[in-house]
Structures are given as structure tokens and as C-alpha cells.
Amino acid sequence: MGATKRTKIIDVLNASKVGEELTVKGWVRTFRNNQFIAINDGSTINNIQAVVDFNTTDENLLKRVTTGACISVVGEVVESMGKGQSVEIKVKSLEILGDADADKYPLQPKKHSLEFLREIAHLRVRTSTFSAIYRVRHAMIFAVHKFFTEKGFFNVHTPIITGSDAEGAGEMFAVTNLDLNNIPKNEEGKVDFKEDFFGKETNLTVSGQLEAETACMALSEVYTFGPTFRAENSNTSRHLAEFWMIEPEMAFYDIIDNMDLAEEFLKYLVTYALENCADDLAFLDKRSQDEDKQKPQQQRAEMSLMERLKFVVENEFVRLTYTEAIDILRNSNPNKKKKFKYLINEWGADLQSEHERYLVEKHFKKPVILRDYPRDIKAFYMRQNEDGKTVAAMDVLFPGIGEIIGGSQREERYDNLKSRIEEMGIPEKDLWWYLELRKFGTAPHSGFGLGFERLMLFVTGMGNIRDVIPFPRTPEHAEF
RNA sequence: UCCCCUUUAGCUCAGUUGGUUAGAGCGGCUGACUGUUAAUCAGUAGGUCCUUGGUUCGAGCCCAAGAAGGGGAGCCA
């Protein structure tokens, strides 16, 4: 058909000149009045309006211009006579690249429920909401690498299949190529993993941290950004069985340096989104506000999405210790009036999400970083503090999301680490290499984990983690 | 895994105290109109009322079990 190369819609809208002839390809969002085709190619949330002359165009061709169809148009850029757009394309020729049977295509030019769209995850990216989320997701992936690169960190690919059963971050998915209908057994009657592909029991990783620490002991500042798997039977809007996690690990950082980096990192990412995803965020902001209007007054957000994003960038995160938090919670109204499901009575209790939400959403009304948690409720690798009761752990708590980052200063002292491993009954044989890091040239170091989809929840204002990853994996759900 | 809620047309939802032929908007189809903005107007088709069993003269509605979806909790990122 036309002589010109395809022009992306974002470039037509931002950089084309009136009078220019060009080719646009994309998917029909809606076809109005038998002459106005709204085309979207995903390069921007905005559509280009292509205007056909129905008097001179084949009627049978026009009938195939249906919502969802893929088309190619050649035409001239002209100033629009209508109000909704400044330029449009006056069509000279129109070609259907792919029909979409209007009787069967499930998407209509109207609002669909997120639940319905989850059932058609292969098509939902064709909606404004999901294409915006995909674009913001890309921007955040890029910003993560940009941030760490600018700070001199090195990206490390840690293994996805792990032979260590000691990561201690939850239930794991087994990896095997044994014949599950005929499992080899050893003398004790248990599965004989010597027969398995790796000659030992293996799982999908639940964290790249331990391996990242090895790189940290040579490259000083590293980070991982990879898929992570948890076989927990979690059915919440904040959990996935397969998600992406960012785990920086820094030599010579103490817990305070660690918190400084976490705060700087989050602010960098949100700033990047504000500066680079303005159109998509404006749409998502409006979407959230429309959704909020359906809710009763009490459940509505106090701030809009844009206000929340700016708020995080502009305000210092509140920092306090676990012990200080317990004092605040113990004397809080909901605790005194027994409104908490789990009342805070004494030091040592694990904080429930209702407590974290109280601190973040009611008491401080700001992101909060808690540190120095009781050692008994935290992982074996966290550095033991001088008081003998706490470890140098830190959690960054965000409004609406809860824990977005969890991290710690790592225990770098061989004897302390070894005794902690023994106390907690963790199989030491799997951790020999981890312990050797402390034997040979150990160094103080710290790190944290950021759940990428939790960040996405915050940046997009979406309420369910299944809507910020293209193909969510949750219990009973691995379609697509 | 636990608690609560929901399930009626392709989508979003009404459906009275158990009563005869189950409705609306959007979408689809047919036509009209032709500078529209989720176009508009007219007409029209479209139903396993989630499933199974029960109560009843009679069940979309009541009861029981199950399934699916959502919200909250736990676990965590």
C-alpha cells in the first residue's frame, strides 16, 4: 500500500507536520459515526483519530472496522475540525490487517471490571488501563537499572534454580525431572534425589540474597533483579506465587546507610515515574478517582494518586525503632479501646498489618522505616545488636501497601552467624559457602529486598497485585 | 488455610412477601443520520437465573452441599 514507513502514533501526535503523508498501524478502539476511527498502537495512551470518507470507501471494508481489529491507514495529517484532538489523519487508503469479529470480541468501548479483564489477560493489555500499567512497568524496570548504574552498582544474575534449602523465606516450588508417576526411592523409603537431574533436591529460588552476598564481597555494590517464587497459599491482593524482586547488597554499609539507600531509591523511582510517565499516570490518577467515587466516604483515599506520589518524593520518611513503635502502639487509642484484633501488650510481639497501617496511615501519615526488631522474629542472617535482644533489621512501610522493602545489616561475624544457624536449626551443610564468606575477608555489609509489584501497586494506584503484572500466578491460577 | 460477601443476557447490574410470559443500560445485528469524542435515533435477537439435591401446589427468591469470583486475615516482598 502506501509508500511511507509506519509512523508511531506518539510521533504523529508529537512530531508530525500538517500536510505530511504517513502510515499508521494499530488496533481500533472505537469507530464513530461511520467515519472516525480511534486507533491505538500502544506507543502512547492517546489515540489518533483517522477520518474516512464513507461516501468513497467500500462499504464492506468499513464494516470490518470494528473494535479490536488491526488496521493500517495511509493519509495526510490535518488539523482537526473537532474538539477532542488537535490533529487527525485524513485517510487515503485503509487496509484491514486483522479482523476482530464484533460479535465475539469481548472488549467494548466502555469500562470493564478488573475481575473480568483478569479472565482475559491475553487481551486486557489492549485497554487503556493495562497498556498504561505495562508502560509504567517498563519505565520502572529501566529506572531500577538506571539508578544502580548511576551509583556504580553491578547487576548480578543469581540462580533461579537453587540447591540450598536455607533461604528461609517461605515455601518453595520443587524442581525435578523425575518421573512423578514412578518416583525412585532410597533405602529409607524416601525420594532418592540422587536420581534427579542435579543429583540433589532443588527448588525455585525464593531470594537471590545469599548469592548476591558472594558478589558483594568482591564487587562491593551489587544488585539482583529477577523472578522469585513462593509456594505459599496466599490469597491476598499483595501476594503472588511468581514475582520480581530487586535485592541490592552493599559492602561497608551499616543499617543506617542501608535505610538511606532504600529511601533514596524509592524517591528516585517515583520521581522517574512522575517525570517520564505523565500521560499514563494522569490516566491512572483519574481512573482511581473515578473508582473512589463509587466507594463510601470512609473508604476513600485521603490523597489522589498524584498527590501520594508527590508526597513520597517531597517528605522525609519517619524512622524509628521497633521498641519506639511498640510504645506508640501500646498507648494508641485502638489498643486502649481494644479495637486491634491483636492487642499490643508486651515487647517482642510481631507487628500485624493493622499495626503497621496504624503507624503509617493514622499516626505519622508518612512512609515509615522501622528498625532493630526482636531477633526471635527475624531471619538468621541479620546482624545481632549489642543489646543481645534485637537485630539490625529494617522494614519500609508504605500507605496502603504495608511492607514494600525488608532488609538488614548482615551478620558478618563468623561465630555469631554460626551460633545463630545452630540455634535456629538451619541445615548448616547447605550454607558452608555462605559461612566461608565470613571466614575469608569478611566485611560489614547490608542489603534489602524490594518487591517490584508492590512498588507497581504504589506507583499505579492499583489495588490488586494481580493487575500490575502481565500474567499473575496465584494459587490455582496459571492460565496463559 | 480461616472469616465475610457475591454469582441472573457478551459486559455492568435490577428483580418486591415464593406466584403465571425474568428486566434495564451498554455491546451485537438491521436500518437512519453524517464532524463524531464510550456518537446519536429507531427496530431487533440474545437466558442451564453457577451446579447438585431438598422444601413447596408452585423456587431466580427458602434450606443443604459443592464450585467459581471478590474483600479481609495469616505468611511475606
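Naming convention: chains lettered A, B, ... in sequence-line order (proteins, then strands); numbering from 1 in each chain. Just so we're clear, the structure is a prediction, and the values are computed from it rather than from any experiment.
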Mate of B/A42 where both pairing distances stay under 3.5 Å, Watson-Crick or G-U: B/U30
C1' spacing across the pair B/C13 / B/G54, given as an integer number of angstrom: 30 Å
B/U12: pairing nucleotide in any strand, Watson-Crick or G-U under 3.5 angstrom: B/A24
Spacing between A/F31 atom CZ and B/C29 atom P, to the nearest angstrom: 12 Å
Aro-ring/base stack A/F36-B/U37, d under 5.5 Å, angle under 30°: no
Side-chain donor/acceptor contact of A/S234 with base of B/C76 under 3.5 Å: no
Euclidean distance, atom CD1 of residue A/I48 to atom C1' of B/U36 [Å, nearest integer]: 15 Å
Check: A/F153 ring centroid to A/F147 ring centroid under 6.0 Å: no
Residue-phosphate contact under 4.0 Å: A/R32 side-chain N/O, B/A39 OP1/OP2: yes
Spacing between A/N34 atom CG and B/U30 atom C1', to the nearest angstrom: 14 Å
Closest heavy-atom pair and its distance - A/N258, A/S408: ND2-O, 3.3 Å
Sugar-phosphate, base or nothing in reach of A/S80, heavy atoms under 4.0 Å: base
Shortest non-hydrogen contact between A/P367 and A/F311, atoms and distance: CD-CE2, 4.3 Å
Presence of A/Q352 side-chain N/O under 4.0 Å of B/G74 phosphate oxygens OP1/OP2: yes
Sugar-phosphate only, base, or nothing, as touched by A/Q108 at under 4.0 Å among non-hydrogen atoms: base
P gap between B/C50 and B/G15, integer Å: 14 Å
Among B/C76, B/U1, B/U34, the nucleotide that comes nearest once only the side chain of A/N235 is considered: B/U1
Distance-only donor-acceptor test (3.5 Å): side chain A/Q85, base B/U36: yes
Pairwise 5' ranking along RNA chain B for A/E354 and A/V51, keeping only the more 5' one: A/V51
Sugar-phosphate only, base, or nothing, as touched by A/Q35 at under 4.0 Å among non-hydrogen atoms: base
Under-4.0 Å salt bridge between A/K151 and A/E221: no
Sugar-phosphate, base or nothing in reach of A/E88, heavy atoms under 4.0 Å: base
B/G60 versus B/U51 - spacing of their P atoms, nearest Å: 11 Å
Within 6.0 Å of NZ in A/K267, more than 12 heavy atoms from elsewhere: yes
Sugar-phosphate, base or nothing in reach of A/G82, heavy atoms under 4.0 Å: base
Presence of salt bridge, A/R308 and A/D285, under 4.0 angstrom: no
Sugar-phosphate only, base, or nothing, as touched by A/F243 at under 4.0 Å among non-hydrogen atoms: base
Interatomic distance, A/N33 CG vs B/G35 P [rounded to whole Å]: 7 Å
Rounded distance in Å - CD (A/E119) to P (B/G69): 8 Å
From B/C11, B/G71, B/C75, nucleotide with atom closest to A/K110 side chain: B/C11
Sugar-phosphate only, base, or nothing, as touched by A/K341 at under 4.0 Å among non-hydrogen atoms: sugar-phosphate
Watson-Crick or G-U counterpart of B/U1, or none if no pair lies under 3.5 Å: B/A73
Gap between atoms CG and C1', on A/N55 and B/C33 respectively (whole Å): 12 Å
A/T236-A/H239 side chain donor-acceptor pair, cut-off 3.5 Å: yes
Presence of A/N233 side-chain N/O under 4.0 Å of B/U1 phosphate oxygens OP1/OP2: yes
A/Y105 vs A/K63, nearer the 5' end of RNA chain B by closest nucleotide: A/Y105
Separation of the P atoms in B/C3 and B/U44, to the nearest angstrom: 50 Å
Protein-nucleotide distance (A/L370, atom CG; B/C76, atom C1'), rounded to Å: 16 Å
Assigned partner base of B/G60, Watson-Crick or wobble definition, under 3.5 Å: none
A/D395 bridged to A/K378 by N-O distance under 4.0 Å: yes
Sugar-phosphate, base or nothing in reach of A/L455, heavy atoms under 4.0 Å: nothing
From B/U34, B/A73, B/U37, nucleotide with atom closest to A/K83 side chain: B/U37
Touch class at under 4.0 angstrom, heavy-atom based, for A/L240 against every strand present: base
Expected output: side-chain A/R126 to main-chain A/S131 donor-acceptor under 3.5 Å: no
B/G10 OP1/OP2 closer than 4.0 Å to side-chain N/O of A/H112: no
Atom C1', compared across B/G71 and B/G27: separation rounded to whole Å: 29 Å
A/S237 vs B/G72: side-chain N/O to OP1/OP2 distance below 4.0 Å: yes
Among B/A38, B/C11, B/G35, the nucleotide that comes nearest once only the side chain of A/P109 is considered: B/A38
Distance between C1' atoms of B/C26 and B/U16 (Å, rounded): 26 Å
Closest to side chain of A/T30, choosing from B/U36, B/A39, B/U34: B/A39
Close side-chain approach of A/M394 to A/I405, heavy-atom, < 4.5 Å: yes
Touch class at under 4.0 angstrom, heavy-atom based, for A/M245 against every strand present: sugar-phosphate
Inter-nucleotide C1' distance (B/G72, B/G46), Å rounded: 38 Å
B/G43 to B/G25 separation - P atoms, rounded to the nearest Å: 11 Å
Value in whole Å for how far the P atom of B/G71 lies from CE of A/M462: 11 Å
N or O in side chain of A/R238 less than 4.0 angstrom from B/G72 OP1/OP2: no
Nucleotide opposite B/A68 in a Watson-Crick or G-U pair, distances under 3.5 Å: B/U6
